[in-house]
Amino acid sequence: MAKNITPKEKDFSQWYLDVIRAAELADYAPVRGCMVVRPTGYSIWEMIQKHYDEGFKELGHVNAYFPLLIPRSFLDKEAQHVEGFAPECAVVTYAGAEELEEPLVIRPTSETVIGHMYSKWVQSWRDLPILINQWCNVMRWEKRPRLFLRTSEFLWQEGHTAHATREEAFEETMAILKLYKDVMIEKLALPVLFGEKSEGERFPGADNTYTCEAMMSDKRAAQAGTSHFLGQNFAKAFDIKFQNQKGEMEYAWTTSWGVSTRLIGALIMTHGDNDGLVLPPEVAPVRVVILPISTSEERLNTELVPKAEEIAASLNKALGGRYAVVDKRFDMRPGDRFFRHLQRGVPLRLELGEKEFAAQTLRMVRRDTGEREDVAWDAIATRAPQTLEAIQKNLHDTALAFRKANTFEAKSFDELKNILDTTGGFVRAFFAGGKAEEKEIKEATQATVRCLPMEDEDLRGTCFYTGKPNGRMAVFGKAY
RNA sequence: CGGGGCGUAGCGCAGCCUGGUUAGCGCGCCUGGUUCGGGACCAGGAGGUCGGAAGUUCAAAUCUUCUCGCCCCGACCA
């Protein structure tokens, strides 16, 4: 384990890797670009899964599973889709000693297989909508991997729905976008911007893509989740047709959407500090750690540990889950135990030493601010949950204030480039350009349109780049 | 795929230019002791085919050639 973490101001990339290693979240796998998610990292993923699964079920979705291997010909059916994904697909060409007649692609995403199955399942308007989600792994042979943010294999959730009408499919796209951003804001404490993607940033094969964009603490953007309105493109490519109530044949309208383990990377890069990980309580597998401290083994066994266990039990009852644990690593010195939990991002630490035992209190220390407070035993079951809420709110508010402080407006290209080259961050500007202009701007500044924010949907102004009237408000930034 | 860099203990590195004892340092790890309320100290110890192959040489971590792998910056991307 790394003893010291490189200061994030000095070398952000190194800091990020240090935090992951110190908190024992993940490692690179023996296969290039692939990731081993360690138990501590996976348990955070399980917390995220839990929040989203609850949301999906509320919206009427069900979980299912589709195969890992997709016949190459399936990908070819949608022109833009194959163009977008073929270059990064890993392909199976042999099975045993036999060369396969048709190569099998390891799924980079599952629109194609699922579209194929939907075409068999849908005949009547009564078969719609189909609202299915799957939790799985996908593979995209990325050139430059980065733990959690861009690994060749990653874990995600992908939802695929089919509807009878355009309106219903569009509503679905927006309902998912709302769920995505609500969980990000309320549970992950990531104050994301959300809105439409520009033409050049759309999902290959989609009519439109909607996104949640977070700002990391090095002021770069991370795309945290996307919801795609696929129109009838995939329905036509895979022949998903149904007979409507008038007896006419119609193509279905489909959507797809996903969030991945990248969210863990975004959590680390948004909330982490020079001591390591800082987790928002809502996604922290361990929210409270209780440390009995004494040099006397007898006192530990007869007084401190039993009391700590008792308090943990009452906290777990108050928190509605097994979120409080007692640290019994007595082979480690107290200082080492403190730092172990700092590095792992446990939101709240409760110290129970001989002094506290005599006073019938606990020393409560917040991970986010370092604030200390002595809390009486009989008050802890209310005080700890209150403090966890305060931490949750503080992490969100701090990140939001940071994003606001690093968001600027530009009226001209020179202004935009200057901001990106010097201070960095997000730049808001009216934009009326298309794919070609986006590309030019990216070549000159490395920045892309992160999104057209929904909150500025009705704003219009002169395009900073083309000078055309009626530009939409766009947010530019360098992204991971 | 283009540009740069690096492969020496679990991690981080020095040594290489100018070949020569038993290949070294910090952290971590193991044992014993003193410690223990904010990353302890002392003593002892384990751990290496110096990325691989071939060559030059009395002698290669060090020089030469080939090769494999990784990292960073681009392009691409959840």
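Letters go in sequence order (proteins before strands), and every chain restarts at 1. Bear in mind that the values here come from a model prediction, so they are computed numbers and not experimental data.
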Just the rounded figure in Å: distance from P of B/rG39 to CD of A/Gln343. 13 Å
So A/Gly258, base contact, sugar-phosphate only, or nothing? Heavy-atom distance under 4.0 Å. nothing
Looking only at atom C1', what distance separates B/rG15 and B/rA53, rounded to whole Å? 24 Å
Can you tell me how far P of B/rG12 sits from CG of A/Asp18, to the nearest Å? 10 Å
Quick check with a 6.0 Å cut-off and a 45 degree axis cone: is A/Lys77 positioned over the face of A/Phe74's six-membered ring? yes
Value in whole Å for how far the C1' atom of B/rC36 lies from CD of A/Glu354: 11 Å
What do you reckon, are the aromatic ring centroids of A/Trp141 and A/Phe85 less than 6.0 Å apart? no
Tell me the partner of B/rG55, counting only Watson-Crick (N1-N3 plus N6-O4 or O6-N4) or G-U wobble (N1-O2 and O6-N3) with both under 3.5 Å; none if nothing fits. B/rC63
Nearest whole Å is fine: how far is B/rG38 C1' from A/Met332 CE? 13 Å
What is the distance from CZ of A/Phe338 to P of B/rA40, rounded to the nearest Å? 11 Å
If pairing requires Watson-Crick or G-U wobble contacts with both distances under 3.5 Å, which nucleotide is the partner of B/rC50? none
Measuring only the P atom in each nucleotide, how far is B/rG5 from B/rC42? A whole number of Å is fine. 41 Å
According to the Watson-Crick and G-U wobble definitions, with both distances under 3.5 Å, which nucleotide is paired to B/rG24? B/rC13
When every nucleotide of nucleotides 69-78 of chain B is labelled 5' to 3' by its protein contacts under 4.0 Å (heavy atoms), B for base, S for sugar-phosphate only, - for none, what sequence of letters results? -SS-SSBBBB
When rounded to the nearest Å, what value does the distance between C1' atoms of B/rA14 and B/rG7 take? 15 Å
Measuring centre to centre across the rings, with the benzene-like ring taken for any Trp, is A/Tyr118 within less than 6.0 Å of A/Phe234? no
Any strand, both distances under 3.5 Å, Watson-Crick or G-U wobble: B/rC70 pairs with B/rG5
Hey, is CD on A/Glu297 packed in by over 12 heavy atoms from elsewhere, all under 6.0 Å? no
Look at all strands and tell whether A/Glu356 reaches a base, only sugar-phosphate, or nothing, counting heavy atoms closer than 4.0 Å. base
Base-pairing assignment for B/rU35 (Watson-Crick or G-U wobble, both under 3.5 Å): none
Grab the CG-C1' distance between A/Asp27 and B/rG10 for me, whole Å please. 11 Å
Side chains of A/Thr255 and A/Thr161, donor plus acceptor under 3.5 Å: yes
For residues A/Phe154 and A/Phe148, establish whether the separation of their ring centroids is below 6.0 Å. no
In sequence, state the C-alpha distance, the side-chain angles, and the governing distance for A/Asp327 and A/Arg329, and then conclude on salt bridge (Lys or Arg N to Asp or Glu O under 4.0 Å). CA-CA 6 Å; A/Asp327 177 339; A/Arg329 289 294 304 270; over 6 Å; no
Whole angstrom value for the distance that separates P of B/rC36 from CD of A/Glu351: 17 Å
Has the side chain of A/Arg333 got a donor or acceptor atom sitting under 3.5 Å from an opposite partner on the base of B/rG37? no
For B/rC50 and B/rC25, measure between their C1' atoms and round to the nearest Å. 15 Å
Between A/Arg107 and A/Thr109, a side-chain donor and acceptor under 3.5 Å: no
What is the separation between atom CG on A/Asp336 and atom P on B/rC27, rounded to the nearest whole Å? 14 Å
Name the pairing partner of B/rG44, where a pair is Watson-Crick or G-U wobble with both distances under 3.5 Å, or state none. B/rC30
Taking the six-membered ring for Trp and the full ring for Phe, Tyr or His, determine whether the centres of A/Phe56 and A/Trp257 are under 6.0 Å apart. yes
Any-strand Watson-Crick or G-U partner of B/rA75, both distances under 3.5 Å: none
Distance check, C1' atoms only: B/rC58 and B/rC68, in whole angstrom units. 31 Å
Nearest-angstrom distance, C1' atom, B/rA60 to B/rA54: 13 Å
Rounded to whole angstrom, note down the C1' distance from B/rC73 over to B/rU67. 25 Å
Between B/rG39 and B/rG28, how far is it from one C1' atom to the other, in whole Å? 13 Å
Determine whether a donor-acceptor pair (one donor, one acceptor, N or O, separation below 3.5 Å) exists between the side chain of A/Arg349 and the base of B/rG38. yes
